[in-house]
Amino acid sequence: MKLYNIILCITKVGDTLRHALITAGTKGLGKRVTEQLLKDGYSVTVTHRDDNDKLDAVKNEWGRHLERIQFIRGDVTCKEDLIRISEETVKAWGRIDALVMNAGPYIFERKKLIDYSEEEWNKMLDGNLNSAFYLLKQVIPIMRKQKSGRIIAYAFQGADHSPGWLYRSAFAAAKVGLVSLTKTIAIEEAENGITANVICPGKIVGEMKEASITQSRQYGHEETPIGRSGTGEDIGRTISFLCDENSDMITGAVLEVTGGMDVLNRFR
């Protein structure tokens, strides 16, 4: 109990515990991000969609932290869900100090734009770009009142200069738009103590999404120049740094966490 109290003191704003809202925070990269922010002493709201089996598992795994965790079911492609998630978060915790937009649908099948259905196109735009609009509309006024906040979005390598990405037209279009939106927010909200940055993960697939850096070094990875796969811990550590109180000089930035790998051009 003494250790728990010490941790809480680290991330208090005055007498208030800092709170993070993380979309899709019960699995994959989001799970490692949640674990990192819990380690940093945050209380967190994590969203999930139809992950009841996974939810039970993480509740058991995070048992000693449960009093600092709120679980909310919701779909990031649904405007009403996003508004409800924001409202329930503030109702429970009174503040949002960090917004991590981890969730974002992705189509793994490689195909050209002409082969996308209208439904697939709309899903990519709704889940990766429109969702940010609705969340930011809810969260920024809260952060303005606090005179502080950290906003983190995800994109892909090179998204800040609008490259073409073969077989990923819908996802690429949404993420390039998200990068521009995030950079704009960084300018508009700097006077309110709010930073907004983008992280671009490299090739992090399968079990590596929830793996540690130590584990990735044991396995190795021939495709990545540094010799190991990226991991969820790499993303969690990066977000932890950007959310730090003293990282306020970093805003409007696009950070590539790729280990030097050329992610976009593997299939050319």
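For the single chain, residues carry numbers from 1 onward in sequence order.
Of the charged side-chain nitrogens involved, at least one lies within less than 4.0 Å of a carboxylate oxygen, so that E35 and R32 count as a salt-bridged pair. The pair D234-R228 meets the salt-bridge criterion, since a charged nitrogen lies less than 4.0 angstrom from a carboxylate oxygen. In this structure, K31 pairs ionically with E61, as a charged nitrogen and a carboxylate oxygen lie closer than 4.0 Å. Salt bridge absent: D115 and K112 never bring a charged side-chain N and a carboxylate O closer than 4.0 Å. A salt bridge is defined here as a Lys NZ or Arg NE, NH1 or NH2 lying under 4.0 Å from an Asp or Glu carboxylate O, and E210 with K54 meets this definition.
Looking at R217, its side chain never comes within 3.5 Å of a backbone N or O of G227 through a donor-acceptor pair. When atom types are taken as modelled, the side chain of T258 and the backbone of G260 share a donor-acceptor pair closer than 3.5 angstrom. At distances below 3.5 Å, not a single donor-acceptor pair connects side-chain atoms of D97 with backbone N or O atoms of A20. A donor-acceptor contact shorter than 3.5 Å is absent between the side chain of N192 and the backbone of K147. In this structure a side-chain-to-backbone donor-acceptor pair under 3.5 Å is missing from T231 to M208. With D244 contributing its side chain and N246 its backbone, the two residues share a donor-acceptor pair below 3.5 Å. A donor-acceptor distance shorter than 3.5 angstrom exists from the side chain of Q215 to the backbone of S212, with no hydrogens or angles considered. The backbone N or O of E120 lies less than 3.5 Å from a partner atom in the side chain of S117, making a donor-acceptor pair.
One hydrophobic cluster, built from ILVMFWY side chains closer than 4.5 Å, holds both V33 and F241. Cluster annotation: I187 is not connected to L255 through the hydrophobic network of ILVMFWY side chains, with a link wherever side-chain heavy atoms come within less than 4.5 Å. Following chains of ILVMFWY side-chain contacts shorter than 4.5 Å, one can reach Y134 starting from L21, so the two form part of one hydrophobic cluster. I204 and I213 are members of different hydrophobic clusters when ILVMFWY side chains are connected at heavy-atom separations under 4.5 Å. Cluster membership check: L29 shares its hydrophobic cluster with V100, using side-chain heavy-atom separations under 4.5 Å among Ile, Leu, Val, Met, Phe, Trp and Tyr.
The closest side-chain heavy-atom distance from L181 to L136 is below 4.5 Å. Counting heavy atoms from C-beta on, the side chains of E109 and Y167 never come closer than 4.5 Å. Side-chain contact check for I250 versus L242: some heavy-atom pair is nearer than 4.5 Å. Inter-residue side-chain proximity for I151 and M101 is flagged as met; some heavy-atom pair is nearer than 4.5 Å. Residues I22 and T47 are not in side-chain contact: their nearest non-hydrogen atoms beyond the backbone lie 4.5 Å or more apart. Between N197 and T182, the closest side-chain pair of non-hydrogen atoms is not below 4.5 Å.
Cation-pi geometry between K59 and F71 is satisfied (NZ or CZ under 6.0 Å from the ring centre, within 45° of the ring normal). Under a cutoff of 6.0 Å and an axis angle of 45°, K111 and Y116 form a cation-pi pair.
The aromatic rings of F171 and F156 are tilted relative to each other, their planes meeting at an angle between 30° and 60°.
Taking CG of L264 as the reference point, atom SG of C200 lies at 9.5 Å (rounded to 0.5 Å). Atom CD1 of I185 is separated from atom CZ of F133 by 9.5 Å, given to the nearest 0.5 angstrom. Distance SG/C78 to CD1/I85: 8.5 Å, rounded to 0.5 Å. Atom CZ in R95 sits 10.5 Å away from atom NE2 in H19 (nearest 0.5 Å). Rounding to the nearest 0.5 Å gives a distance of 11.0 Å between CG of L37 and CD1 of I69.
For the residue pair T45/Q70, the side-chain donor-acceptor check at 3.5 Å is satisfied.
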Worked verdict on E88 versus R84 for salt bridge (charged side-chain N to carboxylate O under 4.0 Å, His left out): CA-CA 6 Å; E88 289 185 14; R84 175 177 53 80; 3.6 Å; yes
May I have the step-by-step check of side-chain hydrogen bond (donor to acceptor under 3.5 Å, both in side chains) for T26 and H48, ending in yes or no? CA-CA 6 Å; T26 61; H48 64 99; 5.7 Å; no
Report the C-alpha separation of K137 and I83 in whole Å, then their side-chain angles, then the decisive distance to 0.1 Å, and conclude whether the side-chain contact (heavy atoms from CB on, under 4.5 Å) test is met. CA-CA 9 Å; K137 286 278 285 183; I83 293 173; over 6 Å; no
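For K203, the NZ atom sits in a packed shell: over 12 heavy atoms of surrounding residues, nucleotides or ligands are nearer than 6.0 Å.
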